[in-house]
Amino acid sequence: MSTPAITPVFIRLKLSLLRNGLRQSGGRKAAYITSAVFALLFAALQLLGLIALRGHAHAESVVVLAVAVLGLGWAVMPLFFPSGDETLDPTRLVMLPLRPRPLVRALLTASLVGIGPLFTLCLLAGSVIAVARGGAAFVVGVVAVVLALLVCVALARAVAAANVRLLTSRKGRDLAVLSGLVIAIGAQVVNFGAQRLGASGLGELDPLAEVLRWVPPASAIWAVHAVSEGSYGLALAQLGLAAGALVALLALWSRHLTRLMTSPDGSTLPGAESAVRERSSTGLGRLLPAGRTGTVMERSLRYVWRDPKIKAAWVTSLAIGLIVPVFNAWQGTGSVYFACFAAGMLGIQMYNQFGQDTSAFWIVAMTISSTRDAYVELRARAYALLLITLPYATLVTVVTTAMLGDWHRLPEALGLSFALLGAMLATGAWTSARFPYSIPQEGYKNVAPGQTGLAWISIFGGMMAAALLCAPVIALTIWLNASADGDDWAWLLLPVGTAYGAALTAAGLKLAAPQTARRLPEILAAVSKG
């Protein structure tokens, strides 16, 4: 009796998962359709751009780099977005009587269904058109596109299978915090690279392309260029590299699938040592003030270290706050005032303080019985933020100033940074009490459904208010720079900005405390919604 083919079953399963996921809510369907339209539009524009590149002297270098970056994206996608595709978790199939080889074949075919593979197909097709010349090159191009697409998909699957135990655990979800850092750094690297290419031309890519042409899946695309140049032996070798990489990835994937389907999950087996391990007090707790202030500070800092959502926000803010001024200074187009970006990015963390606690805020609410309690709670949270923000903003300002060699403006930049930080702490404390919203713990949403308007008012309204509160210090800075003898008095901006920021913080906490004490039931209901 022959075994029925499971590949069509898995394709129907993939389509059913997609269809049922879109049926959950109208918002999810609209978000998926919108993202699909934008992705396909971007793919079409890329296809047209690559076709327009045909005949350019450095077209092969551009397409090889593009395909190499595409392969890297497929490799890291399962690490940063483990919940983006439910079929990436093969442990859901452990109870089914499936053999590894048919399962690999079925999952690989099902993986070709989706927006990602279609986007990849458009880019690969455009790359082949850009470098192919002659009928033989286009024939090889068809083979190269198929090989490159399968290598990308198999790479994503092999990475997911190798790390599925980690990615489906609570600690493994912390890997998502790296996505903000990668996106922040990647955006600035792309910006810097585009400026360099605009000044020097596409020839700058040739040395990098000479290396990447031997790395699958980019090697398959270079084989098309090699055939166009008449180097059939080189083309065969590079197609062989891509085919060998595909075979190796499928073997690795099959090996990890076999292990997942036959081995127990060690992460669910508690060890005797961990069961009897006693937790000791950390050194941080001994360094903080006594009483409620120190307790709240330690709790806030533990949230930053342990909660994936809060950690992701902090990592992104720290990265962007450093990258923007440093990259601009590196390119020679920056200013010391760009260092204020660090204070601004970290000041955002003061907004929606109670929403960060989610449903656990009810424990905090039980300890607030007066305006004084609310004031101490908010003040301690501001202290915890300052413990990180003050030295970091100072470091970014000094580094930016050193790169630009504009040391006489260091006091001005520091004064502005401290004034901006104080203004954001003040407005953040007030909006936390007045416009709280819930942050869902599961998934990648940072605002609960129906509270988007509250989030916009809280963050962007608070940032605009902070900018207005900083107007006196900004006006003083402009006036001193415009005055003939302003450089002699510019150092005053450091103490003035510091004192002004401290005064704004104190005033904001004083105004927010009665709001917090009076609106505790509304705050608790809002932050517990998600």
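The figures that follow rest on heavy atoms only: side chains count, while hydrogens, waters and symmetry mates do not.
- Between Arg105 and Pro102 the shortest side-chain heavy-atom distance falls below 4.5 Å.
- Taken from OG1 in Thr400 to CG in Leu395, the straight-line distance is 9.0 Å, to the nearest 0.5 Å.
- Nearest approach of Val153 to Ser111, heavy atoms of both residues: CG1-CB, 3.2 Å.
- Heavy atoms of other residues, nucleotides or ligands lying less than 6.0 angstrom from CZ of Arg54 number more than 12.
- With hydrogens and angles disregarded, a donor-acceptor distance shorter than 3.5 Å links the side chain of Tyr392 to the backbone of Leu318.
- Across Leu414, Asn481, Leu404, a single residue satisfies side chain to side chain contact (heavy atoms under 4.5 Å, CB included) together with Arg409, and that is Asn481.
- The minimum heavy-atom distance linking Ala218 with Leu212 is given by the pair CB-O, 3.4 Å.
- Side-chain atoms of Ile474 and Leu416, non-hydrogen and from C-beta on, do get closer than 4.5 Å to each other.
- Residues Trp74 and Leu70 form a side-chain contact, since some pair of their non-hydrogen atoms from C-beta on lies under 4.5 Å apart.
- Residues Leu155 and Gly71 come closest through the heavy atom pair CD2-O, 3.5 Å.
- Inter-residue side-chain proximity for Leu112 and Leu121 is flagged as unmet; no heavy-atom pair is nearer than 4.5 Å.
- Between His56 and His58, the ring planes are tilted. Angles from 30° to 60° get that label.
- The shortest distance between side-chain heavy atoms of Leu420 and Phe341 does not fall below 4.5 Å.
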For this session: Before giving the answer on side-chain contact (heavy atoms from CB on, under 4.5 Å), spell out for Trp214 and Leu241 the whole-Å C-alpha distance, their side-chain angles and the decisive distance to 0.1 Å.
Result: CA-CA 8 Å; Trp214 297 103; Leu241 272 176; 3.6 Å; yes
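- Looking at Leu421 and Leu385, their side chains come closer than 4.5 Å, going by heavy atoms from C-beta outward.
- Here the SG atom belonging to Cys152 is positioned 11.0 Å from the CZ atom belonging to Phe119, to the nearest 0.5 angstrom.
- The distance from atom CD1 of Ile6 to atom CG of Leu107, rounded to the nearest 0.5 Å, is 7.5 Å.
- Going from atom CG of Leu322 over to atom CD1 of Ile320 covers 11.0 Å, rounded to the nearest 0.5 Å.
- The shortest heavy-atom contact between Ala110 and Phe10 is CB-O, 3.8 Å.
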Exercise. What do the steps show when you test Val145 against Val224 for side-chain contact (heavy atoms from CB on, under 4.5 Å), and what is the final call?
Worked result: CA-CA 10 Å; Val145 167; Val224 180; over 6 Å; no
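- For Tyr303 (side chain) and Ile310 (main-chain N/O), no donor-acceptor pair under 3.5 Å exists by modelled atom type.
- Interatomic distance, CG of Leu234 versus CZ of Arg213, reported as 6.0 Å (0.5 Å rounding).
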Problem set entry | Pair Thr258-Arg255, side-chain contact (heavy atoms from CB on, under 4.5 Å): steps then yes or no | CA-CA 5 Å; Thr258 303; Arg255 177 183 175 186; 5.8 Å; no
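- Among all heavy-atom pairs drawn from Val304 and Lys311, the shortest one is O-CB, 3.4 Å.
- Atoms CG and CD1, on Asn328 and Ile323 in that order, are 11.5 Å from each other to the nearest 0.5 Å.
- Each of Leu346, Val396, Thr397 was scored for a side chain to side chain contact (heavy atoms under 4.5 Å, CB included) with Ser417, with one residue passing: Thr397.
- For Gln356 (side chain) and Ser300 (main-chain N/O), no donor-acceptor pair under 3.5 Å exists by modelled atom type.
- Residue pairs meeting the ring-ring contact (aromatic ring centres under 6.0 Å, His included) criterion with at least one member in residues 121-150: none, sequence neighbours excluded.
- Remark: side-chain polar atoms of Ser228 are paired, donor with acceptor, to backbone N or O of Val131 under 3.5 angstrom.
- Sparse packing is recorded around CH2 of Trp456, with 12 or fewer heavy atoms of other residues, nucleotides or ligands lying under 6.0 Å away.
- For the residue pair Ala43 and Cys122, the shortest heavy atom distance occurs at CB-CB, 4.0 Å.
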For this session: For the pair Arg157 and Leu108, evaluate side-chain contact (heavy atoms from CB on, under 4.5 Å) and give the outcome as yes or no after the intermediate values.
Result: CA-CA 8 Å; Arg157 287 289 182 173; Leu108 182 64; 5.5 Å; no
